[in-house]
Structure formats: C-alpha cells, structure tokens
Amino acid sequence: MLDKRYDPKKVEQGKYDFWKSKGYFTAGDKTKNPFSMVIPPPNVTGKLHLGHAWNTTVQDITARYKKLKGYDVLWLPGMDHAGIATQAKVEEKLRKEGISRYDLGREKFLEKAWEWKHEYAKNIHEQWAKMGLMLDYTRERFTLDENLSRAVRHVFKTLYDKGLIYRGERIINYDPELKTALSNIEVEYFDDPGKFYYFKYPIVGSKEYLTVATTRPETMFGDVAVFVNPNDKRYKHLIGQKAINPANEEELPIMADEYVDIEFGTGAMKCTPAHDPNDFALSEKYHLARPKCMDLDAKMSDICGKYKGMDRYECREALVKQIEKDGRLIKIEDIVHQVGHSERSHTVVEPMLLKQWFVKMRPLADQALEKSSVNFVPTRFNHTFRQWMENVDDWCISRQLWWGHRIPAYYNKQTGEILVSEEEITDPNYVQDEDVLDTWFSSALWPFATLGWPEETPDFKRYFPNSLLVTAYDIIFFWVSRMIFDSLEFTKESPFKDCLIHGLIRDSKGRKMSKSLGNGIDPIDVIDKYGVDALRYFLTTGSAPGQDIRYIDEKVAASSNYLNKIWNSVRYVLESLGESYKPVDYKFNELAPVEKHILIRLNETIKAVDGYMNKYEYSMASNYLYNFVYDDFCSNYLEMSKVTLQGENEEYKNIVRTILIEIVRSIILMIYPFAPFIAEELYQALPEHKESIMIETYPEAKKYQDDVSEVELLMKMIGELRNYKVTNKLAPNYALKLVVESENQPFDEFETYLKRFTFAKEIVFTSKHYDKGMKYAYGKMTLYIEDEISKEELEEKRARDIAFLESEIKRCEGMLNNPNFVARAPKEKVELEQKKLEEFKKRLSDLK
RNA sequence: GGAUGUUUAGCUCAGUUGGGAGAGCAUCGCCUUUACACGGCGGGGGUCAGGGGUUCGAGCCCCUUAACAUCCACCA
C-alpha cells in the first residue's frame, strides 16, 4: 500500500544500490543492438554542480529510455585528471601547509595529487549515485589509467612521425602564476581598464621625435624596431632612420609595413617580437632579433638594466615615472581594452616566446571538415564546430606541470637529438622532456581509448563509434572538435553519431553561477529539499534544445507537485482495485465510448512521447505526457471511471480496472526515464510487475480508432455548465435543469456522467426541436439550460456564439476556396476543414 | 569586425513540415467533492520586439531595424 503522500527521501532509499547490485547498469547483452555513450569525464577537482546534474540527467534519460526500447546500453563512466585545474588545487592546499611543489619534488608531489584524486573521485561517485545514473561501473576509466596513457603515447608518437606534432619556439600564452603555457582557448578575454602611454622617441641626428603609444611600457626593453605604415604621409621621411627607445636609449630602426593601422594611436608602433604575436610575425618577415624582457616568473630579465628582477607591473610604473622625469612622456590616456586572462588562475596571461610542443592543426582540421559525419542536435552547432575548425591555430600541447601525461619525447644529452617513443627509454644518454600534455590531449581520445583502443578489443568493436555524446555548448571547441579530428585521424570514423548539445545553467536572475558571486546552487541541497526526481524533471523539461536555463526553485517545487499528482492518481487506482481484481482481456470494439476515448488518447500520447524521446526532445515528450496526465487522465477519465467503479456491473468494473492499470502502467513507464525512483516505487506497487522497472519494455502505441466525438461533446458541456455556474454566481453543486436536443440518442452513460459532473437535477433528452433558455449548439447536439436566465444574458451569449462561428466559418471558407490549399494541403487536413465548416454552419443555423 | 542566439501573459519559459496563442508561478472567484489542499473547478491577463514581404492564411518562412546575450577574431 502506498503512502498518502509522496515522500522523495523514502522513495529514493535503497533503489540505486538495488539496481546496481542486480547488474542492470552493466552492458553486454549481445542479443540486442548496442547503444553507447561515454560520460564527459568530470574533473577530479571538486564537487559536481548543477551543470553536471543537467548534463548527466540528459544522458541518464537517454540511457534508461534506450534500455526500455530494447537496446544493449553502455554508458561508460570516468573522470578527468584535469592537469592544470587539479595541480592548482593541490598546490593551493600545500601552500596552506606552507610548502611548495618544489619542496616536495615531482614524485612526492604526484603522490599528493593521487591522494587528492582518490578523495574527490569518492565524492563524485556519491553524487552520481544520488542522481541515479545508470553508469556501467565495470568499465569505469580515468584519463591517467595505463591503457589511456598508452593510447596517449601512441597518438603522440604517430602524429610526431607524421609531422603533425612538432616542437618549436613560438609566441604562446603564458600563465605566470601557474608557470605554464596555455593553449589559445584557455585564455579568456575581458574588458579591463588600462592606460595608453604616449612617449617621445627622438630621431637620431635630428630634433624631431616620433610619438609612439603603448599599453605595455614594460615590454619596451624587448623592442627591436618602430613600425609605421608605408603610406602614412606623416612618417614617410623617417622610414630607414633611427629612433631612440626612451626606456633604454637604444637605437631602433624605423621600418614600414602595411600591417600598421594609420588611424590607430599615433600610427607609429613599437615592435616587441618576444612578447606579442603580431610583432613576432613582423620579426619573421624582416628577420629581426627577439630579445626577451621577462623571465618565467613574469619578472623583468637581464636586459632590463636596473629593472631586472622587478615585477612586470612595478616595472611599468617605475619606467613611466623615469620617462616622465626624462621629459619624454607626452600623455596618458585611460582606455578600456581586452586583456587575456588565464581560464584557471585568472591572472593576466603574458604572451611569451617559448619552445613548446604543438599539434599542426591544418591537415587534421581539414580532414575533420571533410569527413565528419557527426550529427549535431540542434543542427546550428554544426556551424559553430565548422567555423572553429576553419580558423583554428596550431595547438600548444605542452604544459609546465607535473600532473598529467608526461611528454614521451627524450633528448640526447650530447647531441640534443629528439627521440619520441611509446615505450620508456632507460638509456642514460637520454633524458625525458619535463613537461606534460594538455589535459584535452587525452580527453580527445576518450570515446575510443576508454574502450581499449588502440587495441581492437571486443568493446571497441561493439561500442565504437558511440551512438551519442551529450555536452554543453561551452566545450565544443575544447573537447568535441578535438575528439572529432583525433577520431577521424586514428579510427577513420567520427567518434559518435549524434552530438546533443545543451546550454548552461544560470541563477534565477540569468547570471552565470560562480564562486565570486556566491550564487552557486548545490544539487545536493535541491535533492534534499525536493528529491532527485523533481530536480531531474526540472532540469530536462520546459526548455528548448541548446538554450540556457535558469534555476528557479518554484519550478522544482512544481515538478515535485507533478510527481505527487502521479503518485496519488496511481495510489487511487491501486486502492480502487479491490480484493477480487483480476486483469481481463477486453476487446476495444466492445468498450463504452468513455473507455474508448481514454485509450485512444493514451495511445496518441504514447506515440507522441515515444517520437520525441527518440529525437532527444525531452521537453516536448514530457509536455505531451503532462497534458495527458492532468487533463485526459486525472481530470476526466479518472473521475468518469468512478461511475462504473461505484456501480453494480461487476464484469465491466473489471474491464475498467484493467484499463486503469494499463493507463497508470504506461504513465509510470513514460515518466520513468525522467524520474526513475518514483517510477520504480509505483511500478513495484502494480499488481503485476517484474523484479524492476529497469527490465521492462517501453509502452507501444496501439492503433485504436473510433468515433468518440460524443465523449468530447460531453466534456465540453460539462465545462460550459461549470463556467455558467461560476459566472452566474451559482454554487458548484447547484442543480440545473437541462435539456439535450439530439438527433440520435447519445451513448448510454451520457446522462449519468453529465449528471454526476454537473449536479443536474433533471436532464431531458429529446429529438424534437426545442428552444428555451440558454443555448449551446454543438452541431450534433444542442444543450439548453432551463433556469431563471435573463433575456440580456441569453442575447449576449447568442451574440458571442454567432460572432465566433462566423469568424470560424470565414476562416474555413477562406482556406477551402483556395485552390492552392485544396490541391497542396494534406488530404486529411482538407477533409478536417470541410467537416469543421459543415459543423460550424449547422451550429450557426441552429442559433439563428 | 565576424558568427550565433534571444525578444510570446505580471514573472520564468514552451510552442513538432505555416492551419483555431500554451504551461508553471503569481493573481481573482468558488469548493474542506471519499486519489491528491504539494488539491479541485472556473476566470482575468498577450496588436507573439518594430517595420516590410511571401501566402487564402505567419509566433513559425524571407528581408530589415532595434535591444539584450553569448562565442570567435582583434589595434600596438
């Protein structure tokens, strides 16, 4: 017996462990077709947030739905070592203990990092369990597992041998706090307030000077030239001359290149090849030197004279003061400009000239553009992906960290020769590269490396390519695109068939959830308050694909109320079964119209829901189910069925009970992917059930058909009579006297239902023309309310109805008189409109 | 500068090849009716951002304007 109230805590109790222990999460049934997904591996840096909850719920809904549809579902779990993020956290923890990673050394530090990993992996497992995710833990992976590491080395070596990985000195984004290189996409640009400094650069052998403006005076020690535009009339005569660098009194050649924008600043630009990518390009073009004025701590280097060792910002201030003292400062302008910040440490990144490892992107990107068959949902994200691929730069993959996959490159101590090897080289003449690889280098192999690749394992053969990948749009560049090009390069196939993209979750005001704003919401708190099913339902319904959603507490509460509604309707059905209940075989054609009607609606609903589930349109699917549950089932049929259940016809009672069970069973199965815990609880309470809902099959739509328009008329009449009472300030149970004029006698129970729902004291059925009281014309039938109704009221109602019908008739006629419509529209649509027109015309003539 | 998205009821949002504008919350009225007061029944509230076009018919398709948001690329 179910409790009177739906209690999420009680319902959730024990179910996850039960499912897991039964092995329902484990894939491998070879008699079925495979459906495979890999989880986007969360970072082992902290606890999961609402974004993870959303992402994993979408996958879990898919997995549970597909399982019920008869697939062998593999949903592979795992976690990401998250190089920079984790190392930063571990270092922060050590700092609080007063130690740095250098105090510990590489090996000891890595031990600490592994400790951290184990601790946080435990948290993540607990959260996955709370969310109810049907993950196949027998296949769980971690990006630093030996088999994944082997895949990483294999990929590195193969790309290196093909010339697609190279080591070179280029301008990269450097994070001075974490002391590592970053890739371009790990840099976030913000509008920062800054200053634009205008300095005098005296011309050698002349009294003239050139005004050069810069936002970064501290890099002046690395200047090698001043550039102007060759077409700039102001400076034409200076090209080829020399200017004095006011920072260090060195002579700089004045050179010309089209790159310089005449309009911007003073039209004269200082060139610092080692600290600016554009200047670096100029230095390549003109073979200029590339002096570095900063070291790896972002402190000023040897070439900076008295500023050596100074912090970059302190140097800026001091240098400007010095130049001002020298009388060479013209002005300082306040500006707002875009400044790059490290995605992880949030410090201002420093473009630096460093020797790093790169993936040569052009050939890989072109291949991806040409051969990718990934089907993005919604499709517009395909453009996002393609656009990025078309403009991608080479990918800097080396990181000056310890936590990660060590670069499998070895250098000959004498010759400096590079040896790349998948196996460890123990030859004492060789020393391994100190750096590790970008985390995303290994994540990019996730869909196939987790299945055993590069070995042709049975899992790899069966579950690759994956059926689906689900992720938020913010990591299409970081992850999705890289999986696609690596997969095409190494497996010759796209990594997954479909890629379902969802949005980001925001707070109730639409702001991003962030630690600094303190507006983050812990999924666990939500679960404690409303239950995990309500959270899951909230996250995956009521929004459009690819859109962001806001967390709104009231909506989770509403979800919980909906589940409570289902709970209570099921409880009622179960309680109304009685001792003697036995399911019976019934023939649809022999049922009463009310039963036919609800079964037709049920099957329409199943068809719609199943269709949308299949397209990953969970919002639409849930919407159809919701309307069915509230309107068709709870408000209408459930109430109507009480007439039979409280009546004397024992035989038909059992048919109604059978149908009620069939309906709630279908509802439970359809709500199950969204809300598995309550669904399992309700399912177990059904008179006939398997060991678990997880091994059930999804309801199948039956093709029932019949004319049930009388049932619809009945409902319409009930609605109008209720409305009539409210607008006339009559009590809901006020007993009206009704007359129903009808050509044919409506179905047997028509009167009973009408009476029960409207408290009518008397209903007269007649086939003769009648005309008294308030009139509601439905074409087939006309309803009259015989009561103390004023003339004006009647006239008003009549005028309203006539106006409505006339406008509808006009609409129908407009359509039907259009040869294009009749010729092109679907036949059913045309017929439907003809039918409607006929009915409207009849009703209008009834009124007049 | 380029791209994408958003603009629909007081608020938050749905709206499936173009074919009678919806939900939740809020609000108002009635109802302690034996599944559910985490409820029932009913109501009010929208020129679907503005303009133009295609069409018999546009929230939906095309063009355009505006506001907001996001992403990419950026000038020292």
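When reading the values below, keep in mind they use all heavy atoms of this one structure, side chains included, and skip hydrogens, waters and symmetry mates. Lettering follows sequence order; numbering is per chain, from 1.
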Chemist: Would you mind classifying the nucleic acid contact of A/Tyr626 as base, sugar-phosphate or nothing, using non-hydrogen atoms under 4.0 angstrom?
Modeler: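 Here A/Tyr626 touches the backbone only, sparing every base.
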
Chemist: From OH of A/Tyr630 over to P of B/C41, roughly how many Å is that when rounded to an integer?
Modeler: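 In whole Å, B/C41 P lies 10 Å from A/Tyr630 OH.
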
Chemist: Here's a test of your reading of the structure: between A/Ala731 and A/Asp276, which maps to the more 5' nucleotide of RNA chain B?
Modeler: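 Residue closer to the 5' terminus by nearest nucleotide: A/Ala731.
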
Chemist: What is the base-pairing partner of B/A66, counting Watson-Crick and G-U wobble geometry with both distances under 3.5 Å?
Modeler: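 The base-pairing partner of B/A66, which may sit in any strand shown, is B/U7.
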
Chemist: Restricting to non-hydrogen atoms, name the atom on A/Met640 and the atom on A/Tyr753 that form the minimum distance, rounded to 0.1 Å.
Modeler: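 Scanning both residues, the minimum pair turns out to be O-CE2, 3.2 Å.
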
Chemist: Rounded to the nearest angstrom, tell me the gap between atom OH in A/Tyr473 and atom P in B/A69.
Modeler: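 Roughly 13 Å, once rounded to whole Å.
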
Chemist: Rounded off to whole Å, could you give me the NZ-to-P distance for the A/Lys555 and B/U12 pair?
Modeler: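 It works out to 10 Å between those atoms.
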
Chemist: Quick check on B/G39: is either OP1 or OP2 less than 4.0 Å from any side-chain nitrogen or oxygen of A/Asn561?
Modeler: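 For B/G39, OP1 or OP2 has a side-chain N or O of A/Asn561 closer than 4.0 Å.
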
Chemist: Any Lys/Arg nitrogen of A/Asp507 or A/Lys509 sitting under 4.0 Å from an Asp/Glu carboxylate oxygen of the other?
Modeler: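 Not counted as a salt bridge, because no side-chain N and carboxylate O are separated by less than 4.0 Å.
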
Chemist: Kindly point out which of B/G15, B/G40, B/A76 is positioned nearest to the side chain of A/Thr214?
Modeler: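 For A/Thr214, the side-chain atoms sit closest to B/A76.
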
Chemist: Could you tell me whether A/Ile476 contacts a base, only the sugar-phosphate backbone, or nothing, with contacts defined as non-hydrogen atoms closer than 4.0 Å?
Modeler: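 No contact.
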
Chemist: Using a heavy-atom cut-off of under 4.0 Å over every strand shown, decide if A/Lys4 touches base, sugar-phosphate, or nothing.
Modeler: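 Here A/Lys4 touches the backbone only, sparing every base.
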
Chemist: Can you name the one residue among A/Gln338, A/His337, A/His341 that meets side-chain hydrogen bond (donor to acceptor under 3.5 Å, both in side chains) with A/Asp192?
Modeler: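 Between A/Asp192 and the candidates, side-chain hydrogen bond (donor to acceptor under 3.5 Å, both in side chains) is satisfied uniquely by A/His341.
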
Chemist: What is the distance, to the nearest angstrom, from the CD1 atom on A/Ile549 to the C1' atom on B/A69?
Modeler: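 Rounded to whole Å, this separation is 17 Å.
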
Chemist: NA contact type, A/Gln338, heavy-atom cut-off 4.0 Å: base, sugar-phosphate, or nothing?
Modeler: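 Result for A/Gln338 = base.
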
Chemist: Figure out the CG/C1' separation between A/Leu682 and B/C36, and round it to whole Å.
Modeler: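 Checked: the CG to C1' distance equals 13 Å.
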
Chemist: Could you tell me the separation between the OH atom of A/Tyr618 and the P atom of B/A23, rounded to a whole number of Å?
Modeler: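 A/Tyr618 atom OH is separated from B/A23 atom P by 26 Å.
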
Chemist: Heavy atoms from C-beta onward define the side chain here; which of B/A76, B/C41, B/C25 lies closest to that of A/Thr215?
Modeler: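 Among B/A76, B/C41, B/C25, the one nearest the side chain of A/Thr215 is B/A76.
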
Chemist: Is A/Lys642 near enough to B/A35 that one of its side-chain N or O atoms lies under 4.0 angstrom from OP1 or OP2?
Modeler: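 Looking at the OP1 and OP2 atoms of B/A35, one of them is under 4.0 Å from a side-chain N or O of A/Lys642.
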
Chemist: Classify A/Glu639 by what it touches in the nucleic acid, base, sugar-phosphate, or nothing, heavy-atom distance under 4.0 Å.
Modeler: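 Result for A/Glu639 = base.
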
Chemist: Within less than 4.0 Å of OP1 or OP2 of B/C11, is there a side-chain N or O belonging to A/Lys509?
Modeler: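 For A/Lys509, the contact criterion (side-chain N or O under 4.0 Å from OP1 or OP2 of B/C11) is not met.
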
Chemist: Any side-chain N or O of A/Ser635 below 4.0 angstrom from OP1/OP2 of B/G40?
Modeler: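 No, A/Ser635 has no side-chain N/O under 4.0 Å of OP1/OP2 on B/G40.
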
Chemist: Scan A/Val573 against the nucleic acid and name what it touches under 4.0 Å (heavy atoms): base, sugar-phosphate only, or nothing.
Modeler: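 Result for A/Val573 = nothing.
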
Chemist: Could you work out the separation of B/A58 and B/A67 based on their P atoms and round it to a whole Å?
Modeler: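 28 Å, rounded to whole Å.
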
Chemist: So, A/Asp334 and A/Lys195, do they make that salt bridge, N to O below 4.0 Å?
Modeler: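 The answer is yes: the pair qualifies as a salt bridge.
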
Chemist: Could you tell me the Watson-Crick or G-U partner of B/G59, where both distances fall under 3.5 Å? Say none if there is no partner.
Modeler: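 Base partner found: none.
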
Chemist: Look at all strands and tell whether A/Cys634 reaches a base, only sugar-phosphate, or nothing, counting heavy atoms closer than 4.0 Å.
Modeler: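 Answer is base: heavy atoms of A/Cys634 come under 4.0 Å of a base.
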
Chemist: How long is the line joining CD1 of A/Ile185 and P of B/C71, in whole Å?
Modeler: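 So the CD1-P distance, A/Ile185 to B/C71, works out to 13 Å.
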
Chemist: Within the 4.0 Å heavy-atom criterion, would you say A/Asp261 contacts the bases, only the backbone, or no part of the nucleic acid?
Modeler: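 Since a base atom lies under 4.0 Å of A/Asp261, the category is base.
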
Chemist: Given atom CD of A/Gln646 and atom C1' of B/U33, what is their separation to the nearest angstrom?
Modeler: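 Value for this atom pair: 11 Å.
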
Chemist: What nucleic acid atoms does A/Phe477 come within less than 4.0 Å of, heavy atoms only: base, sugar-phosphate, or nothing?
Modeler: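 The answer is sugar-phosphate, as A/Phe477 gets under 4.0 Å only of primed atoms, P, OP1 or OP2.
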
Chemist: By the 4.0 Å heavy-atom rule, please label A/Phe840 as base, sugar-phosphate, or nothing.
Modeler: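 Touches a base.
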
Chemist: Tell me if the aromatic rings of A/Tyr630 and A/Tyr626 count as close, with their centers under 6.0 Å from one another.
Modeler: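 Aromatic pair counts; centres sit under 6.0 Å.
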
Chemist: OP1 or OP2 of B/A76 less than 4.0 angstrom from a side-chain nitrogen or oxygen of A/Arg216, does that happen here?
Modeler: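 Answer is no, no contact under 4.0 Å.
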
Chemist: So what does A/Ser569 touch, heavy atoms closer than 4.0 Å: a base, only the sugar-phosphate, or nothing?
Modeler: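 Base contact.
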
